[in-house]
Amino acid sequence: MGIYLNPGKDDFVLAIQDDIYVDKTGIIAYTNHRIGKRNRYLCVSRPRRFGKSMTAEMLAAYYERGEDTRELFEPYSIAKEDSFETHLNKYLVIALNIAEFYSMIKQVDNMLDMLQKYLRTELLRTYPNIDYMDNTNLVLMLQEVYREKGIPFVFIIDEWDCIFREGQKDWDGQKTYLDFLRNLLKDRAYVGLAYMTGILPIKKYGTHSALNMFEEISMTRPGKLAEYMGFTEEVRKLCEKYHRGFDKMKQWYDGYLLDGRHVYNPKSVVDSVLNNKFESYWVSTETYEALKIYIDMNMDGLKEAVVTMIGGGTCEIDAESFQNDMTTFESKEDVMSLLVHLGYLAYNGETREVFIPNNEIRAEYVRAMRDKKWSKVIDAIKDSNMLLEATLQKNEIEVAKAIDKVHDETTSILTYNNENSLSCAISIAYYSAKKDYEIFREMLSGKGFADLVFLPRKESDKPALVVELKYDKTAKGAVEQIKEKNYPKTIESYVGKILLVGVNYEKQNKSHSCIIEEWEVTI
């Protein structure tokens, strides 16, 4: 067993001995299918604490020839696959954590020299009897080991992108690093499989990638690996086993929509289960300043987009234009694409829209917005408890005053005389309702779309709300439309009290009026 060459199973053993281990060995069947083929290059990127390093450790333990790890994997799903025996412990594994090397030497040239020196040393120790043509050239040495032994190498490169995240402006160092990886891996017969993992996809120069032989699997392009990008249906089983509330778990940590699958933040789910408490765990692993820097840019209307998403809305982006680094931003779409890869936004590949995935991340946005640049939005959020209470009390005058205030306070960010602006402003005004309600915008109803529907969560004793917004008409007309179009049918499975809330905005005097009526649904 070596340090970088056939590093052993110890790290993976520690992982499966944790209090909670979720079986993701099924990804090995996917990598097995790629071994020895032209498409044997995979770069899998996902946010921090989403299981990247654990997957790398698992692959190293499975493929390496240094130890027999059959018993380690037999209890898990990979053991049921036809390819399990074919590839188990059959390869020479080179496992590298680039962040480990970069933390020792920040200068890329010197770092790569050290990395190559360590690998050459391990090759010489493991195969001292090979007559190397040039034992100072790592690529030649790998070629000769492969020629003599006939055993392909599996390269596992963790934190591959740390140079782009930590040395953001070291353009020369980044290019040198990419050239090194290309020379080491591209079109080399000794490569049986190359698996890289990090937060960012592969850096582009213009529209081209220096490592174009890699298939990229990411938060915007998960492909067939969507179920391995985080926790999925196993969260329900964890909640049942540990007697935790599944609906609340969804509310706090679900929301990443990958290829139609609901994906949860693994770090947060595990900590919540073990601590029996729903709060922010993932964001505590890194300060909020990074998020704050990006949302404060306000590039090309970014601030308005953030406010829209805080209010529960979505924004369309072109994720393909992103250059896959943390400095090259040409539009708000580039910034939002980065936030997807960092885990601060979720991406719907079908609609090409981004949104804030869950309560944990939404709270982080609010925290990052607490300065004078965002003061009006924060004031509106702070006032939202009073608005919800006034609504539940059917205090129409106070509701109208509160909506007046929030619409006025968000004028500088949102286009004021605009129907979507009104909808967004009201969503922000009811921000605090998210803890008691699941909120839907533009929800399909009996004969049209209800502007806002508030469905109480299972643990809530509050009534449902159906809100209709009007622009230069009447609040009474809004309520009548709810009845006429049978909007309560939208929530026909709900039994109990429903408040029908009609809100009208008068453009000329910039004021709102409100009418609230009660509707009872019985079995």
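Going from atom CD of E480 over to atom CG of L500 covers 9.5 Å, rounded to the nearest 0.5 Å. Of the inter-residue distances, the one linking R236 atom CZ with F231 atom CZ reads 16.0 Å to the nearest 0.5 angstrom. For the atom pair CG of N358 and OH of Y256, the computed distance is 5.5 Å after rounding to the nearest 0.5 Å. S218 OG to L200 CG: the interatomic distance, rounded to the nearest 0.5 Å, is 10.0 Å. If you take CD on E396 and CD1 on I516, they are separated by 5.5 Å, rounding to the nearest 0.5 Å. Atom NZ of K434 is separated from atom CD1 of I356 by 8.5 Å, given to the nearest 0.5 angstrom.
You'll find the side chain of V306 reaches within 4.5 Å of the side chain of L302, heavy atoms only. Contact check for M249 versus S272: side-chain heavy atoms found under the 4.5 Å cut-off. Inter-residue side-chain proximity for I16 and L72 is flagged as met; some heavy-atom pair is nearer than 4.5 Å. In this structure, C43 and I202 have side chains that are in contact, with non-hydrogen atoms separated by less than 4.5 Å. In this structure, I28 and M58 have side chains that are in contact, with non-hydrogen atoms separated by less than 4.5 Å. For the pair E166/Y102, a side-chain contact is recorded, criterion being any heavy-atom separation below 4.5 Å from C-beta on.
Between the side chain of N348 and the main chain of E353, no donor-acceptor pair closer than 3.5 Å is present. A side-chain donor-acceptor contact under 3.5 Å links S268 to the backbone of W282. Distance alone, capped at 3.5 Å, places no donor-acceptor pair between the Y253 side chain and the N359 backbone. Proximity of a side-chain donor or acceptor of D161 to a complementary backbone N or O of I199 within less than 3.5 Å is detected. In this structure, D325 contributes its side chain and T327 its backbone to a donor-acceptor pair below 3.5 Å. Without hydrogens or angle criteria, Y437 side chain to P463 main chain gives a donor-acceptor distance under 3.5 Å. Not a single donor-acceptor pair under 3.5 Å links the side chain of E227 to the backbone N or O of T232. Side chain of T328 to backbone of Q323: no donor-acceptor contact under 3.5 angstrom is found. Without hydrogens or angle criteria, N395 side chain to E398 main chain gives a donor-acceptor distance under 3.5 Å. Within the 3.5 Å criterion, the main-chain N or O of Y430 finds no donor-acceptor partner in the side chain of S384.
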- request: Let me see the working for Y76 and Y21 under ring pair (Phe, Tyr, Trp, His ring centres under 6.0 Å), right down to the final yes or no.
  value: CA-CA 11 Å; Y76 302 113; Y21 171 72; 5.3 Å; yes
message: Pair K483, E517 - check side-chain contact (heavy atoms from CB on, under 4.5 Å), show working.
response: CA-CA 11 Å; K483 297 176 181 177; E517 293 188 12; 2.6 Å; yes
- prompt: For Y242 and N276, what are the C-alpha separation, side-chain angles and deciding distance, and is it a side-chain contact (heavy atoms from CB on, under 4.5 Å)?
  reply: CA-CA 9 Å; Y242 290 90; N276 194 19; over 6 Å; no
query: What's the verdict on side-chain contact (heavy atoms from CB on, under 4.5 Å) for W519 and I482, showing C-alpha distance, side-chain angles and the deciding distance?
result: CA-CA 11 Å; W519 189 302; I482 295 175; 5.7 Å; no
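Atom CD of E506 has more than 12 neighbouring heavy atoms from other residues, nucleotides or ligands inside a 6.0 Å radius. Dense packing is recorded around CZ of R244, with more than 12 heavy atoms of other residues, nucleotides or ligands lying under 6.0 Å away. Surrounding CD of E233 are more than 12 heavy atoms belonging to other residues, nucleotides or ligands, all under 6.0 Å away.
For the residue pair D158/S53, the side-chain donor-acceptor check at 3.5 Å is satisfied. Between D404 and S511, the side chains place no donor N or O within less than 3.5 Å of an acceptor N or O (distance only, hydrogens not considered).
Listed by chain and number, the residues in a side chain to side chain donor-acceptor pair (under 3.5 Å) with K470 are Q481 (sequence neighbours excluded).
Comment: E216 does not engage R221 in a salt bridge, judged by the lack of any side-chain N to carboxylate O separation of less than 4.0 angstrom. A salt bridge links D383 to K405: at least one charged side-chain nitrogen sits closer than 4.0 Å to a carboxylate oxygen. Looking at K24 and E234, a side-chain N of the basic residue comes within less than 4.0 Å of a carboxylate O on the acidic one, giving a salt bridge. We find that E316 and R352 are not joined by a salt bridge, their nearest charged nitrogen and carboxylate oxygen being 4.0 Å or further apart. For K52 and E159, the salt-bridge test fails: no basic side-chain N is under 4.0 Å from an acidic carboxylate O. Under 4.0 Å is where a charged nitrogen must lie from a carboxylate oxygen, and between K507 and D472 no such pair does.
Aromatic rings from Y471 and Y505 are positioned such that their centres are separated by under 6.0 Å.
Applying the ring pair (Phe, Tyr, Trp, His ring centres under 6.0 Å) test to every pair with at least one member in residues 299-332, sequence neighbours left out, gives these pairs: Y294-F329, F322-H341.
For A433 against F454, the heavy-atom pair with the smallest separation is CB-CE2, 4.0 Å. Between A400 and S513 the shortest heavy-atom distance is CB-CA, 4.2 Å. V503 and A478 get closest at one heavy-atom pair: N-CB, 4.0 Å. In terms of heavy atoms, K292 sits closest to A368 at NZ-O, 3.4 Å. In plain terms, the two heavy atoms of V263 and A226 that are nearest each other are CG2-O, 3.9 Å.
Checked against I317 for a side-chain contact (heavy atoms from CB on, under 4.5 Å), the options V354, V335, L345 give a single hit: V354.
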